[in-house]
Amino acid sequence: NDKTELDTYIAKTERKIRIKTLGAALGGSNYEVRLDFYGVQTGHTKSEVDGIWMADIELASVYDATATTDFSLVVVNATANIG
């Protein structure tokens, strides 16, 4: 019942999105994959199956002056150095 993301698409509002997955314990932290993305929605479609609504949202990256990038990716694993 919430159309917040649809409203941001219509207004072309910049979004800061974080996708984060944590795994098992690894020493003092956890295995982790984290993506921070800064952008504007360029497409928004929706579909419904058995009463569950899904939105497919397309994004175009935008440079974020505070983060000094348009995205960042962090990977924490058991390998000391990946070159």
Side-chain angles (χ1 to χ4, degrees):
N1 294 335
D2 187 348
K3 63 183 192 83
T4 302
E5 291 305 316
L6 179 58
D7 291 342
T8 62
Y9 165 65
I10 292 167
K12 299 298 181 207
T13 305
E14 289 185 21
R15 304 298 285 161
K16 295 181 180 181
I17 299 165
R18 172 171 282 173
I19 300 171
K20 182 176 179 179
T21 301
L22 285 176
L26 173 67
S29 63
N30 291 76
Y31 289 98
E32 176 183 2
V33 176
R34 182 179 71 229
L35 172 66
D36 292 330
F37 182 85
Y38 308 90
V40 174
Q41 294 183 34
T42 58
H44 184 108
T45 58
K46 64 181 181 177
S47 59
E48 182 266 335
V49 175
D50 296 330
I52 298 174
W53 284 93
M54 300 295 291
D56 184 9
I57 300 170
E58 297 174 22
L59 299 150
S61 64
V62 172
Y63 180 82
D64 184 86
T66 303
T68 65
T69 189
D70 55 347
F71 75 93
S72 68
L73 178 65
V74 173
V75 177
V76 177
N77 60 27
T79 304
N81 188 358
I82 299 175

Exercise. So does Phe71 have more than 12 non-hydrogen atoms from other groups sitting under 6.0 Å from CZ?
Worked result: no
For this session: Report yes or no: do Thr21 and Glu32 form a side-chain donor-acceptor pair below 3.5 Å?
Result: no
Side chain to side chain, [X] and [Y], heavy atoms closer than 4.5 Å:
X	Y	answer
Thr8	Gln41	yes
Tyr31	Asn77	yes
Leu6	His44	yes

For this session: For side-chain contact (heavy atoms from CB on, under 4.5 Å), just list the numbers for Lys20 and Val33, CA-CA rounded to whole Å, side-chain angles, deciding distance to a tenth of an Å, and then say yes or no.
Result: CA-CA 6 Å; Lys20 182 176 179 179; Val33 176; over 6 Å; no
Exercise. Under the criterion side chain to side chain contact (heavy atoms under 4.5 Å, CB included), which of Asp36, Val62, Asp64 is the partner of Lys16?
Worked result: Asp64
Exercise. Which heavy atom of Lys12 sits nearest a heavy atom of Thr42, and at what distance?
Worked result: NZ-CA, 4.4 Å
How long is the straight-line distance from [atom2] of [Y] back to [atom1] of [X], given to the nearest 0.5 Å?
X	Y	atom1	atom2	answer
Ile57	Met54	CD1	CE	10.0 Å
Glu58	Tyr9	CD	OH	8.5 Å
Phe37	Leu59	CZ	CG	5.0 Å
Ser72	Arg18	OG	CZ	7.5 Å

Exercise. Does the distance from a Lys or Arg side-chain N to an Asp or Glu carboxylate O, for Asp56 and Lys46, drop under 4.0 Å?
Worked result: no
Problem set entry | same_hphob_cluster(Ile19, Leu73) at 4.5 Å side-chain heavy-atom cutoff | yes
For this session: Examine Tyr63 and Tyr38 and state if one hydrophobic cluster contains both, with Ile, Leu, Val, Met, Phe, Trp and Tyr joined whenever side-chain heavy atoms are less than 4.5 Å apart.
Result: no
Problem set entry | Donor-acceptor under 3.5 Å (Asn30 side chain, Gly23 main chain) | yes
